[in-house]
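Each chain gets a letter, A, B and so on, in the order its sequence line appears, and its residues count up from 1.
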Protein chains: 2
Amino acid sequence: MDRLDKKILRLLQEDATLAVADIAKRVGLSTTPCWRRIQKLEEEGVIKRRVAILDPAKVNARVTVFVSIRVASHSAEWLRRFSEVVGEFPEVVEFYRMSGDVDYLLRVVVPDIAAYDAVYQRLIQKIDIRDVSSSFAMEQIKYTTQMPLDYLVLDKDSRES
Amino acid sequence: MDRLDKKILRLLQEDATLAVADIAKRVGLSTTPCWRRIQKLEEEGVIKRRVAILDPAKVNARVTVFVSIRVASHSAEWLRRFSEVVGEFPEVVEFYRMSGDVDYLLRVVVPDIAAYDAVYQRLIQKIDIRDVSSSFAMEQIKYTTQMPLDYLVLDKDSRES
DNA sequence: CCTGAAATAATATAACC
DNA sequence: GGTTATATTATTTCAGG
């Protein structure tokens with residue numbers, strides 16, 4: 001991964017509809033080698049996918065709730081089951097295992113508080129949780145899918161990881 | 001927005017590289033009307049953009065930190081300034097104004113704890129914050145950009161909002 | 001608003017230096 | 001890495017239901 005790959009990634013994180021020829025121009029390459037780089041980045045899994053980003057408000061997903069969870073059990077089996085259950089909820093868009101006070105943190109997306117309560121009820125019914133605390137977001141001030149590329153380690157010989 | 005638009009959105013949220021002809025087939029349309037629907041969804045802003053999703057680990061953005069912030073001032077001017085500053089940090093990928101105990105919540109993405117500390121220092125140097133609390137994620141168990149479409153309100157006459 | 005055909009323009013992909 | 005073909009797709013147009 002070198003400087004040019006980084007530039008390409010930056011562009012594709014911004015706008016994945018850019019034509020390869022456009023990207024090539026901006027990066028200072030001709031289209032074929034640029035295309036080959038993009039292929040490689042996809043094969044290596046650096047680029048995982050290309051997706052459409054929707055406007056949450058326009059699909060009635062206006063409210064974000066952060067759900068802090070403290071659990072009873074800490075077994076691997078319990079976590080497996082928990083992950084499975086959470087995976088079934090399309091309203092849960094992010095799910096982290098945390099250090100410290102809270103064991104897990106969920107970001108849940110719903111149209112309103114009532115819908116959140118329904119999700120909450122379904123969730124605690126499916127799985128045993130010791131303690132749940134919900135925090136509501138009033139406003140999403142920033143949201144991006146763009147990873148910071150400032151920490152990328154560049155290499156002359158594009159290695160995989 | 002009708003049932004077919006919803007299907008289209010579902011597909012494009014999954015994979016934005018699908019050819020219009022493919023989508024059309026899966027949705028049960030021929031390509032021209034399907035293409036027109038996609039155009040319309042873009043014009044209406046339901047589809048905001050198409051982006052490449054990178055593997056955080058492969059671009060050295062392995063660590064997620066949630067930063068809870070309590071502020072000194074609650075003025076609109078302060079928030080404007082705060083938003084501006086936060087916007088300059090590519091490491092801050094999500095930023096919410098919260099209700100309740102915490103005023104703001106940030107999701108910060110960095111390679112490691114040391115890098116987080118550097119971000120933290122830069123941040124509190126640029127802006128006056130009363131209280132900051134950082135929680136580290138040990139593992140990202142789920143992350144998706146797909147909004148749940150179960151709450152979409154369908155209409156015979158595709159209206160804008 | 002839909003189907004389907006058909007023509008054109010843009011782009012991706014492949015072959016070759 | 002570049003240039004030049006070729007194959008796919010997107011995009012537009014048209015006739016008709």
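- Of the listed nucleotides (D:dT9, D:dG2, D:dT11), D:dG2 has the atom at the smallest distance from the side chain of A:P33.
- At whole-Å resolution of the value, CG in B:D22 and P in C:dA12 are 16 Å apart.
- The aromatic ring centres of A:Y96 and B:F66 sit less than 6.0 Å apart.
- Distance CD (B:E43) to C1' (D:dT11): 13 Å, rounded to an integer number of Å.
- Atom-to-atom, CG of A:L18 to P of D:dA10 comes out at 16 Å; the value is rounded to the nearest Å.
- A donor-acceptor contact under 3.5 Å is formed by the side chain of A:T32 with the base of C:dA14.
- A close approach under 4.0 Å does not occur between any side-chain nitrogen or oxygen of B:W35 and OP1 or OP2 of D:dA10.
- A straight line from NZ of A:K25 to P of C:dA12 spans 12 Å, rounded to a whole angstrom.
- Ring geometry for B:Y104 versus B:F95: interplanar angle of 30 to 60°, hence tilted.
- Following rounding to the nearest Å, B:D2 (CG) and C:dC2 (C1') show an atom-to-atom distance of 12 Å.
- At a cut-off of 3.5 angstrom, counting only N and O atoms as typed in the model, there is no donor on one side facing an acceptor on the other between the side-chain of A:R37 and the base of D:dG1.
- A salt bridge links B:R80 with B:E84: the distance from a Lys NZ or Arg NE/NH1/NH2 to an Asp or Glu carboxylate oxygen falls below 4.0 Å.
- Looking only at distances, no side-chain donor or acceptor of A:K7 sits under 3.5 Å from a matching main-chain atom of A:R26.
- The distance between atom CD1 of B:I8 and atom P of C:dC1, rounded to the nearest whole Å, is 13 Å.
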Applying the Watson-Crick and G-U criteria (both distances under 3.5 angstrom) with [ ] for crossing and | for other-strand pairs, one obtains for DNA chain C |||||||||||||||||

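- In this entry the distance linking CG of B:L29 with P of D:dA10 reads 15 Å, nearest Å.
- Among the candidates B:R50, B:R49, B:R37, B:K48, the single residue satisfying the side-chain hydrogen bond (donor to acceptor under 3.5 Å, both in side chains) test with B:E42 is B:R50.
- We find that CD1 of A:I23 is positioned 18 Å from P of C:dA10, with the value rounded to whole Å.
- Both A:R36 and A:Q39 lie near DNA chain C, and the one whose nearest nucleotide falls closer to the 5' end is A:Q39.
- Toward the 5' end of DNA chain C, the nearer of the two residues A:A19 and B:S30, judged by each one's closest nucleotide, is B:S30.
- Applying the side-chain hydrogen bond (donor to acceptor under 3.5 Å, both in side chains) test between B:E94 and each of A:Q140, A:K142, A:R107 identifies A:R107 as the sole match.
- Remark: A:K40 does not engage A:E43 in a salt bridge, criterion side-chain N to carboxylate O under 4.0 Å.
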